[in-house]
Amino acid sequence: MKQELALLIRQAVQSAFEAGTLQREDLPRMDLEIPRIAAHGDFSTNVAMTMAASQKRAPQEIARIIIDHIEDPDHLISKSEVAGPGFINFLIAQDKWHEVLRAVHEEDTAYGTSQVGLGKRIQIEFVSANPTGPLHVGHGRCAVVGDTLAAILKAAGYEVEKEYYVNDSGRQIRTLGESVFVRYQQLLGKTLDLSAEDYQGNYIKDLARILLDQEGERLLDMPEEEAVTLCARFAAMKILAGIREDLVAFGVSFGHWFTEQSLYDSGAVEAVIQDLKSRDIIYEHDGALWFRTKDFGDEKDRVVVRANGLTTYFASDIAYHKDKFERNFDQVIDIWGADHHGYVSRVSASIRAFGYDKDRFQALLVQLVNLLRDGKPVTMSTRAGEFVTLREVIDEVGRDAARFLFLLRHYESPLDFDLELAKKQSNDNPVYYVQYVHARISNILKKAEERGYKDIDWHDDFSGILTLPEEIQLIKLMARYPDVVAMSARLMEPHRIPFYMKELAAAFHAYYHDRNKHKVVSDDAKLSAARLYLVSAVRIIMSNGLALMGVSAPERM
RNA sequence: GCGCCUGUAGCUCAGUGGACAGAGCAACGGACUUCUAAUCCGUAGGUCGCAGGUUCGAACCCUGCCAGGCGUACCA
């Protein structure tokens with residue numbers, strides 16, 4: 001509808017050029033938006049104001065000329081007027097709105113999807129927590145943002161692949177092995193302590209116990225090096241399995257799991273280092289190998305291989321991101337915790353060093369989560385191994401509430417997550433508010449079916465029956481849904497979906513509540529059919545929007 | 001010091017360069033004979049951190065400052 005109207009406006013400007021009533025120029029930049037204030041119409045454009053300077057005429061005058069040149073054979077517009085400093089406000093013909101209702105029903109689960117992504121291939125990597133401990137709430141936020149963003153992009157016509165990068169190599173894995181080995185030996189009565197760098201959490205003890213049950217005491221007879229390696233492999237595998245389970249419980253799935261170790265096994269890390277060395281992008285200094293990231297926009301050069309011969313995390317990341325581009329993605333997105341932001345320019349630099357356009361890589365930095373209980377901070381210290389895991393949060397507040405609340409902030413804003421609030425089944429909790437709409441409508445449809453109304457099809461009479469302002473208002477809101485999804489995809493901002501859902505939910509609850517005026521199922525068969533058609537359209541959108549967020553749409557509550 | 005993010009109603013937050021800046025919670029006053037009150041209606045609440053600039057027009061863009069968070073390793 002918006003596109004149709006935009007076309008009419010552009011044609012009007014053209015025809016004003018041809019008629020000579022406006023001075024010919026390039027088609028101006030123009031916005032066509034839904035005004036905040038209903039009195040300003042259904043759509044509003046600023047085109048006359050943007051043309052004012054080059055035309056050297058008053059915007060109101062230009063607006064008038066454009067309106068006079070509008071040809072509208074399908075009678076889309078019922079009223080157009082010049083307003084304020086030079087806006088053109090349009091009112092859409094009421095029966096055009098009812099066509100939206102029909103589109104919702106016909107497109108059903110596809111309503112809201114579009115092709116604005118033009119099938120471009122996007123890879124989105126997220127969570128990617130090291131397999132050295134269970135997922136915590138911060139990972140949970142990244143998981144939901146990534147998972148939902150992927151769903152939104154897919155709905156907008158992109159081809160999306162989700163990937164989890166497993167850091168199963170390097171020093172933190174060795175530390176993990178050492179920590180488990182210490183606990184293992186403690187279980188066998190040896191007196192030794194964890195060092196400060198070791199992982200302190202109780203889950204390390206649990207892993208040592210399982211290892212002991214599985215392998216017996218034989219690790220004590222091995223050379224220490226071998227025993228630590230065995231502990232590391234065992235622990236990383238177990239922890240990764242746990243992470244996968246937690247993600248499944250959270251409704252987050254990945255198409256690919258990519259391991260860091262595979263980059264070493266295949267020689268990819270060594271190959272990129274040699275390649276960059278030969279091009280003098282990597283150089284030696286103080287016994288270490290340095291990447292000239294400064295030449296590619298970073299603030300200083302970065303170490304790739306330390307003087308002790310060990311590679312840094314960055315080394316494998318260079319090879320990893322090169323690999324991503326070699327897999328022919330048009331766009332590569334990394335979702336990281338905001339505490340990694342210092343890393344962005346480094347990775348970006350490495351991508352540019354291989355000749356890829358830096359705009360094809362984007363890091364989304366998700367701000368941290370403050371966990372609260374009844375408004376008071378829950379103390380967490382990862383080092384001491386005291387933290388609330390994602391699993392504990394899901395178990396306590398449920399997957400739907402956790403996902404919805406994680407999405408209810410712009411990812412760039414820090415998020416306060418209150419465990420008590422998330423559990424409350426009341427006004428305070430927007431999750432139930434939105435889900436309740438779906439349950440209520442489901443119940444209406446059930447009641448209607450008992451009275452013989454089933455599978456209502458569009459009837460031309462509907463546009464003459466659904467004429468209350470509240471009903472038109474509901475339809476107008478539904479018309480916006482595809483735009484919301486498309487914009488959410490373009491700006492990569494998942495929070496727009498739950499905000500829209502809250503708005504549609506509020507409009508429905510208000511409509512529903514005045515049951516004397518808007519009783520859906522009544523003795524009037526025609527009216528009942530029309531209203532059932534209306535509310536079931538609302539249910540379709542509720543169901544589609546909740547599906548994007550990975551939140552369930554209950555039939556009853 | 002430098003870099004990234006944030007600063008909007010008492011609180012938590014939306015807000016696409018556009019017209020009178022919005023919602024939820026909290027506060028106050030109302031609505032259950034029901035297609036589910038996990039709901040609705042109403043009242044009140046603002047120096048959009050501060051100061052400049054760009055623009056016909058700025059919460060939004062630019063510069064400076066203030067405050068908070070995070071980062072600033074041959075750690076991950």
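Here is the naming used below: chain letters follow the sequence lines, and residue numbers restart at 1 for every chain.
- Within 4.0 Å of A:Tyr436, counting heavy atoms only, lies at least one base atom of the nucleic acid.
- Rounded to an integer number of Å, the gap from A:Lys517 NZ to B:C40 C1' is 13 Å.
- Taking the six-membered ring for Trp and thresholds of 30 and 60 degrees, A:Phe314 and A:Phe291 have ring planes inclined between 30 and 60 degrees apart.
- Here A:Glu420 pairs with A:Lys423 in a salt bridge; the nearest charged N to carboxylate O distance falls below 4.0 Å.
- Aromatic stacking of A:Phe87 on B:A19: satisfied, with centres closer than 5.5 Å and planes within an angle under 30 degrees.
- With B:U12, B:G3, B:A59 as the choices, the nucleotide that has an atom nearest any side-chain atom of A:Glu299 turns out to be B:G3.
- Under 4.0 Å is where a charged nitrogen must lie from a carboxylate oxygen, and between A:Lys2 and A:Asp42 no such pair does.
- Taking atom P on both nucleotides, B:U63 is separated from B:U72 by 25 Å, rounded to a whole Å.
- Proximity of A:Ser413 to the phosphate of B:A14: a side-chain N or O atom is located under 4.0 Å from OP1 or OP2.
- Atoms NE2 (A:His513) and P (B:A31) sit 12 Å apart, rounded to a whole Å.
- Atom name P, nucleotides B:A23 and B:G42: the rounded distance is 10 Å, in whole Å.
- Figure legend: cation-pi geometry between A:Arg480 and A:Tyr500 absent, as NZ or CZ is not positioned both under 6.0 Å from the six-membered ring centre and within 45° of its axis.
- At a threshold of 4.0 angstrom between heavy atoms, the contacts of A:Asn89 include nucleobase atoms, whether or not backbone atoms are also involved.
- Contact annotation for A:Asp31: no contact, since no heavy-atom pair falls under 4.0 Å across all strands.
- In this structure, of B:A19, B:C75, B:A14, it is B:A19 that holds the atom nearest to the side chain of A:Arg36.
- For B:U33, the OP1/OP2 oxygens have no side-chain nitrogen or oxygen of A:Arg515 closer than 4.0 Å.
- Residue A:Ala510 is classed as a sugar-phosphate contact, given heavy-atom separations below 4.0 Å to backbone atoms only.
- Using atom P as the reference point in both B:A26 and B:G69, the two lie 29 Å apart (nearest Å).
- Taking 90° from 0 as the syn/anti boundary, the base of B:C20 is oriented syn.
- Nucleotide B:C13: paired with B:G22 (Watson-Crick or G-U wobble, both distances less than 3.5 Å).
- Within 4.0 Å of A:Asp339, counting heavy atoms only, lie sugar-phosphate atoms of the nucleic acid but no base atom.
- We find that A:Arg539 and A:Glu555 are joined by a salt bridge, their nearest charged nitrogen and carboxylate oxygen being less than 4.0 Å apart.
- The C1' atoms of B:G45 and B:C56 are separated by 33 Å, rounded to the nearest whole Å.
- Tested against A:Leu407 for a side chain to side chain contact (heavy atoms under 4.5 Å, CB included), the candidates A:Thr148, A:Leu415, A:Leu548 yield a single pass: A:Thr148.
- Comparing A:Val305 and A:Gly84, the nucleotide of RNA chain B nearest to each residue sits closer to the 5' end for A:Gly84.
- Here the P atom of nucleotide B:C35 and the CZ atom of A:Arg451 are 9 Å apart, to the nearest Å.
- At the heavy-atom level, A:His410 lies under 4.0 Å from the strands shown only through sugar-phosphate atoms.
- With a cut-off of 3.5 Å on both Watson-Crick or G-U wobble distances, the partner of B:U39 is given as B:A31.
- For the pair A:Met487 CE and B:G15 C1', the computed distance is 11 Å after rounding to whole Å.
- As judged by a 4.0 angstrom heavy-atom cut-off over every strand, A:Arg302 is placed among residues making no nucleic acid contact.
- When each of B:C74, B:A14, B:C35 is scored by its nearest atom to the side-chain atoms of A:Phe499, the top-ranked nucleotide is B:A14.
- Across all strands, A:Lys519 comes closer than 4.0 Å to base atoms (heavy-atom distances).
- Here the separation of B:C61 from B:A19, taken at their P atoms, is 16 Å to the nearest Å.
- Comparing B:C48 with B:U8, their C1' atoms are spaced 4 Å from each other, to the whole Å.
- Nucleic acid contact class of A:His509 (heavy atoms, under 4.0 Å, all strands): sugar-phosphate only.
- If you check B:G18, B:C13, B:G15 against the side chain of A:Asp416, the one that comes closest is B:C13.
- Ring centroids of A:His40 and A:Phe87 are separated by 6.0 Å or more, keeping the two rings apart.
- A:Ala53 comes within contact range of no nucleotide atom at all, as no heavy-atom separation falls under 4.0 Å.
- Contacts of A:Ser44 with the nucleic acid, taken as non-hydrogen atoms under 4.0 Å apart, include base atoms.
- Pairing of B:C70, defined by two Watson-Crick or G-U wobble distances under 3.5 Å, is identified with B:G3.
- A donor N or O paired with an acceptor N or O is not found under 3.5 Å between the base of B:G71 and the side-chain atoms of A:His340.
- If you check B:C60 for Watson-Crick or wobble pairing at under 3.5 angstrom, you find it has no partner at all.
- Put simply, CE on A:Met30 is 16 Å from P on B:G17, counting in whole angstrom units.
- Remark: ring of A:Tyr512 overlaps the six-membered base ring of B:C35 in a stacked fashion, centroids less than 5.5 Å apart, planes less than 30° apart.
- Nucleotides B:G7 and B:C60 place their C1' atoms 14 Å apart, quoted to the nearest Å.
- Candidate nucleotides B:C35, B:G18, B:U39 were compared by shortest atom distance to the side chain of A:Tyr433, and B:U39 ranks first.
- When distances run from any side-chain atom of A:Arg496 to the nucleotides B:A76, B:G15, B:U12, the shortest one goes to B:G15.
- Following rounding to the nearest Å, A:Met557 (CE) and B:C35 (C1') show an atom-to-atom distance of 17 Å.
- In the set B:C74, B:A76, B:C35, B:C35 carries the atom at the smallest distance from any side-chain atom of A:Val521.
- Counting non-hydrogen atoms under 4.0 angstrom, A:Leu421 reaches nothing in the nucleic acid.
- Atom CD1 in A:Ile37 sits about 8 Å away from atom P in B:A21, given to the nearest Å.
- A tilted orientation is assigned to the rings of A:His410 and A:His495, their planes being inclined by 30° to 60°.
- Residue order along RNA chain B, read from the 5' end via each residue's closest nucleotide, puts A:Pro35 first among A:Arg556 and A:Pro35.
- Here A:Ala83 lies in heavy-atom contact (under 4.0 Å) with a base.
- Side-chain atoms of A:Thr312 stay outside donor-acceptor range of the base of B:A73, with no qualifying N/O pair under 3.5 Å.
- For the side chain to side chain contact (heavy atoms under 4.5 Å, CB included) with A:Tyr165, the qualifying choice from A:Leu263, A:Val127, A:Asn130 is A:Leu263, the only one to do so.
- In this structure, A:His341 does not pack face-to-face on the six-membered ring of B:G71, missing the 5.5 Å centre cutoff or the 30° plane limit.
- Between the P atoms of B:G15 and B:G46, the separation comes to 23 Å (whole Å).
- Using cut-offs of 30° and 60° for the angle between ring planes, the A:His518 and A:Tyr511 rings count as parallel.
- The CG-C1' distance, from A:Asp514 to B:C35, rounds to 13 Å in whole Å.
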